[in-house]
Amino acid sequence: MKDFRIAITVILSLAITSCGRIKDGEYTLHLLTTNDVHGAWFDATYTDGNSQNSLFAISRLVNNFRDSVGTDNVILLDAGDCLQGDNAPYYFNNIDTISPHLFPRLLAYMKYDAVAIGNHDIETGHSVYDRVCKEMNDVGIPFLGGNAIKNSSSISEKEGEKSGYPFSDRYFQTYKIINRGGLKVAILGYTNPNMKAWLMEDIWSGMHFISLIPLIQQDVDRIIAAEKPQIVIVAIHSGTGEGKGDSYESQGLDLLSQLRGVDFLVCSHDHRPYIAQNDSICLINSGSHAKNVGHGQITLTVQNGKVVSKTLSAENIPANFKQIDTSMKQLFQPEYQKVKEFTLTEVGSLDTDIHTRDALIGMSSYINLIHTLGLTETDADISIAAPLSYNKTIKAGTLLYNDLFSIYPYENQLFIVTLSGQEIINFLEHSYNNWITDISSGHLLNIAPHNDPRNNQENWSFVNRFYNFDSAAGIYYTVDIEKPAGERIKILSMADGTPFNLSKQYKVAMTSYRASGGGGLLQQAGINPDKIDERTVEKLAEYREILYHYLKKHKAITQDAISDRNIIGGWEFIPRLKAKKLLDADMNLLFYK
């Protein structure tokens with residue numbers, strides 16, 4: 001836990017509130033923050049009732065703060081990614097669409113002041129986030145996203161970068177003014193500007209997303225001039241980053257070094273608990289999944305109606321998942337039961353254990369299943385897919401709907417796009433270049449030891465993100481580990497034995513995330529994701545829904561059905577013995593060290 005104290009002298013008076021001149025004296029407010037909760041709303045798992053991290057534990061911690069320092073001296077914010085990641089949001093997003101959505105009711109109970117919208121909140125689609133936004137507004141809690149600009153804006157991007165955008169041109173609300181503890185507080189919120197790299201445009205139609213730099217400073221300056229707040233807080237759904245100015249996705253430390261007139265910067269997105277400072281601002285990232293509460297404290301001294309000094313401190317406070325708000329649990333017990341009943345619905349059976357980590361070293365039942373869906377439930381010639389669960393096991397036997405979340409945790413659609421044979425080879429070369437390394441390093445998998453900032457322990461992990469390790473099915477191919485990057489892939493034939501043609505256009509099944517440019521593999525293969533609509537043959541349902549309908553039709557997932565080489569073909573690392581020896585050693589470091 002990090003803690004620090006900062007004292008600064010404020011030159012310009014920000015001393016006029018809506019009630020007139022601020023009284024002389026000392027004022028102390030407490031900022032409490034959450035982010036990347038990812039649907040960790042309930043305190044018990046749905047399958048076995050075991051205790052888990054939840055908003056119920058956060059609520060108790062917040063209530064204790066309010067009881068200790070006074071409700072009027074506490075501000076409660078969230079920095080996004082609330083509506084995806086657990087069975088509960090999925091249920092209220094997609095299954096029960098008639099009842100009032102649960103999330104705004106949870107926020108209202110806990111008395112949140114505002115929430116910044118995250119990329120996974122946008123991923124739920126207009127029908128969900130527009131509805132949730134309205135219901136949040138109805139209880140006085142804005143969903144903030146000031147860098148989502150309406151496409152109808154009359155301001156060009158060049159003009160906007162120079163002088164900013166009118167607040168009326170924002171798709172979501174940009175800021176909220178609250179009075180707390182006798183002080184005027186401005187809360188600004190923004191989402192991740194890198195949305196285009198992950199999500200298809202129809203999910204966020206009617207708007208586009210711009211960089212947080214210089215927009216936030218422009219907005220802060222305008223709000224300070226118009227509202228004259230004593231405290232300014234900015235919540236962003238953006239990663240902490242490295243502060244090098246080269247990450248569009250993670251601009252936290254970049255903003256920390258540049259922003260003026262801001263007291264607290266609340267970051268998120270990378271699930272990285274982190275506290276930082278410069279001469280006048282605190283950065284708080286509480287991590288993810290309701291494990292911590294970010295806590296910022298600010299003390300103002302006012303003399304002759306003017307703020308003459310500020311003292312700031314920040315820390316992350318672990319939330320004890322077993323100490324919960326019991327009244328909150330009782331109130332929302334009926335909603336928990338609805339989600340539990342849905343989760344425990346039997347959907348079919350599985351005749352063999354599936355281990356998702358097996359997909360990291362070759363063909364596996366897990367990825368074979370995803371490929372089978374892409375090839376048998378569509379008219380695609382080839383399937384491209386990556387593991388989305390790192391180390392899960394789905395046991396043979398009766399499958400519950402809950403197991404489908406382990407197999408496919410995200411709401412990605414299945415897209416069919418056209419790629420030439422050469423583009424498929426280029427795509428796979430880049431995928432395996434991220435996945436494996438030069439074997440002269442003594443490793444085959446591209447892994448390295450590092451200190452995990454989430455738990456402060458040294459672990460071996462992949463240098464790149466495993467959910468971008470795409471393999472292909474519908475063809476036979478080899479990956480030669482003795483060849484240099486760019487020369488490893490050799491496609492032998494189609495799965496049915498017919499020749500593979502470099503110049504032919506093939507129908508390829510892939511996720512909407514990949515088709516929109518997620519992971520950069522299309523770009524690396526020389527394909528412009530902005531032009532992907534011209535190549536898109538069909539947009540189907542989400543993979544999990546396709547899996548559900550597959551089970552309704554076939555009643556079971558069988559090894560024979562998902563391992564049919566006439567459908568999925570096959571691939572392997574060569575030379576086999578050398579590859580196996582290296583893979584065994586690398587997997588030992590990753591999972592057993």
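All values below were derived from every heavy atom in this structure, side-chain atoms included, with hydrogens, water molecules and symmetry-related copies excluded.
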Show your working on side chain to side chain contact (heavy atoms under 4.5 Å, CB included) between Gln52 and Asp43 and close with a plain yes or no.
CA-CA 5 Å; Gln52 62 180 3; Asp43 72 313; 5.5 Å; no
Does the side chain to side chain contact (heavy atoms under 4.5 Å, CB included) test come out yes or no for Val37 and Cys82, once each step is laid out?
CA-CA 5 Å; Val37 171; Cys82 317; 5.6 Å; no
One pair to check against side chain to side chain contact (heavy atoms under 4.5 Å, CB included): Tyr390 and Thr356. What are the steps and the verdict?
CA-CA 6 Å; Tyr390 186 65; Thr356 64; 5.6 Å; no
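- Using a distance-only test at 3.5 Å, with no hydrogens or angles considered, a donor-acceptor pair links the side chain of Thr191 to the main chain of Ile117.
- Applying the salt bridge (Lys or Arg N to Asp or Glu O under 4.0 Å) rule to Asp81 yields no partners; only residues at least two apart in sequence or on another chain are considered.
- For Asp246, the side chain to side chain contact (heavy atoms under 4.5 Å, CB included) partners at least two apart in sequence or on another chain are Lys244.
- Between Phe500 and Tyr506, the ring centre distance stays below 6.0 Å.
- At least one side-chain heavy atom of Glu423 sits under 4.5 Å from a side-chain heavy atom of Ile527.
- By the 4.0 Å N-to-carboxylate-O rule, Glu538 lies too far from Lys507 to be salt-bridged with it.
- Checking His450 against Ser461 by side-chain atom types alone, a donor-acceptor pair falls below 3.5 Å.
- Under 3.5 Å, the side chains of His237 and Asn119 contain a donor-acceptor pair of N or O atoms.
- When ring centroids are compared, His126 and Tyr129 come within the 6.0 Å threshold.
- His443 and Asp586 share a donor-acceptor pair across their side chains, judged by distance under 3.5 Å alone.
- Residues Tyr432 and Phe469 place their aromatic rings such that the two centres sit no closer than 6.0 Å.
- Between Lys338 and Tyr91 there is a side-chain heavy-atom pair separated by less than 4.5 Å.
- Note on Arg514 versus Asp470: salt bridge recorded, some NZ/NE/NH1/NH2 to OD/OE distance being below 4.0 Å.
- Ile382 contributes atom CD1, which lies 13.5 Å from atom CD1 of Ile568 (distance to the nearest 0.5 angstrom).
- Between the side chains of Ser286 and Asn35, a donor-acceptor pair is found at a separation under 3.5 Å.
- Ser99 contributes no side-chain N or O that, together with a main-chain N or O of Asp96, makes up a donor-acceptor pair within less than 3.5 Å.
- Residues Gln337 and Gln333 have side chains that bring a donor and an acceptor to within less than 3.5 angstrom of each other.
- Of the possible donor and acceptor atoms, one in the side chain of Ser268 sits under 3.5 Å from a partner among the backbone N and O of Ala79.
- Between Leu388 and Tyr408, the closest side-chain pair of non-hydrogen atoms falls below 4.5 Å.
- Distance alone, capped at 3.5 Å, places no donor-acceptor pair between the Ser364 side chain and the Leu360 backbone.
- Ring-plane geometry between Phe103 and Phe143 is classed as tilted, the angle between the planes lying from 30 to 60 degrees on a 0 to 90 degree scale.
- In terms of heavy atoms, Phe415 sits closest to Ser512 at CE1-CB, 3.5 Å.
- Using a distance-only test at 3.5 Å, with no hydrogens or angles considered, a donor-acceptor pair links the side chain of Arg535 to the main chain of Thr418.
- The backbone N or O of Met494 lies less than 3.5 Å from no partner atom in the side chain of Thr498, so there is not a single donor-acceptor pair.
- The minimum heavy-atom distance linking Gly145 with Phe172 is given by the pair N-CB, 3.6 Å.
- Under the 3.5 Å distance criterion, the side-chain polar atoms of Asn93 are matched with a main-chain donor or acceptor of Leu83.
- Between Trp435 and Trp571, the ring planes are perpendicular. Angles over 60° get that label, and only those under 30° would be called parallel.
- No side-chain N or O of Thr124 forms a donor-acceptor pair with one of Gln84 less than 3.5 Å apart.
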Given the rule in the side chain to side chain contact (heavy atoms under 4.5 Å, CB included) test, do Val339 and Trp41 qualify, once you have shown the distances and angles that lead to the verdict?
CA-CA 11 Å; Val339 178; Trp41 300 345; over 6 Å; no
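- In this model, a donor atom of one side chain and an acceptor atom of the other lie less than 3.5 Å apart for Asn391 and Arg357.
- At least one donor-acceptor pair under 3.5 Å links the side chain of Glu429 to the backbone N or O of Arg488.
- No side-chain donor-acceptor contact under 3.5 Å links Asn446 and Asn434.
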Can you give the donor-acceptor pairs under 3.5 Å from side chains of residues 392-402 to other protein atoms, not counting sequence neighbours?
residue: Thr393; atom: OG1; partner: His355; partner atom: ND1; Å: 3.0
residue: Tyr401; atom: OH; partner: Tyr90; partner atom: OH; Å: 3.3
residue: Asn402; atom: OD1; partner: Asn87; partner atom: ND2; Å: 2.9

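- Between Lys539 and Asp533 there is a salt bridge, since a side-chain N of the basic residue sits under 4.0 Å from a carboxylate O of the acidic one.
- Contact check for Glu377 versus Tyr550: side-chain heavy atoms found under the 4.5 Å cut-off.
- The closest donor-acceptor contact from the side chain of Ser349 to the backbone of Ala556 lies at 3.5 Å or more, if one exists at all.
- When side chains are defined from C-beta on, Met195 does not count as touching His208, because their heavy atoms never get closer than 4.5 Å.
- Inspection of the Thr558 and Asp560 side chains reveals no N or O donor paired with an N or O acceptor under 3.5 Å.
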Are Ser440 and Asp438 close enough, and set up right, to give a side-chain hydrogen bond (donor to acceptor under 3.5 Å, both in side chains), and what steps lead you there?
CA-CA 5 Å; Ser440 64; Asp438 188 326; 2.9 Å; yes
Go through it in stages, so that I can follow the logic: the residues are Lys580 and Glu572, the test is salt bridge (charged side-chain N to carboxylate O under 4.0 Å, His left out), and I'd like the CA-CA distance, side-chain angles, deciding distance and then a yes or no.
CA-CA 10 Å; Lys580 184 179 186 307; Glu572 63 179 339; over 6 Å; no
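- Salt-bridge formation is not detected for the pair Lys134/Asp130: no Lys NZ or Arg NE/NH1/NH2 atom is positioned less than 4.0 Å from an Asp or Glu carboxylate oxygen.
- Remark: the backbone N or O of His430 is not paired with any side-chain donor or acceptor of Asn433 at under 3.5 angstrom.
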side-chain hydrogen bond (donor to acceptor under 3.5 Å, both in side chains) between Asn50 and Asp48, intermediate numbers included
CA-CA 6 Å; Asn50 288 338; Asp48 51 25; 3.0 Å; yes
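- Listed here is the closest heavy atom pair of Phe209 and Ala148: CE2-CB, 3.7 Å.
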Begin from the C-alpha positions of Gln422 and Asn426 and carry the test side-chain hydrogen bond (donor to acceptor under 3.5 Å, both in side chains) through to its verdict.
CA-CA 6 Å; Gln422 185 61 59; Asn426 294 344; 3.1 Å; yes
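- A salt bridge links Glu249 with Arg465: at least one charged nitrogen is closer than 4.0 Å to a carboxylate oxygen.
- Ionic pairing of Glu201 and Lys196 is not present here: no N-O contact between side-chain nitrogen and carboxylate oxygen is shorter than 4.0 angstrom.
- Salt bridge annotation for Arg105-Glu335: present, with a cationic side-chain nitrogen under 4.0 angstrom from a carboxylate oxygen.
- Ring pair His120/Tyr410 is parallel by interplanar angle, where below 30° counts as parallel and above 60° as perpendicular.
- No donor-acceptor contact under 3.5 angstrom links the side chains of Ser288 and His38, judged on distance only.
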Begin with the C-alpha distance, continue with both residues' side-chain angles, and end with the deciding distance and a verdict on side-chain hydrogen bond (donor to acceptor under 3.5 Å, both in side chains) for His371 and Ser471.
CA-CA 9 Å; His371 284 316; Ser471 63; 3.2 Å; yes
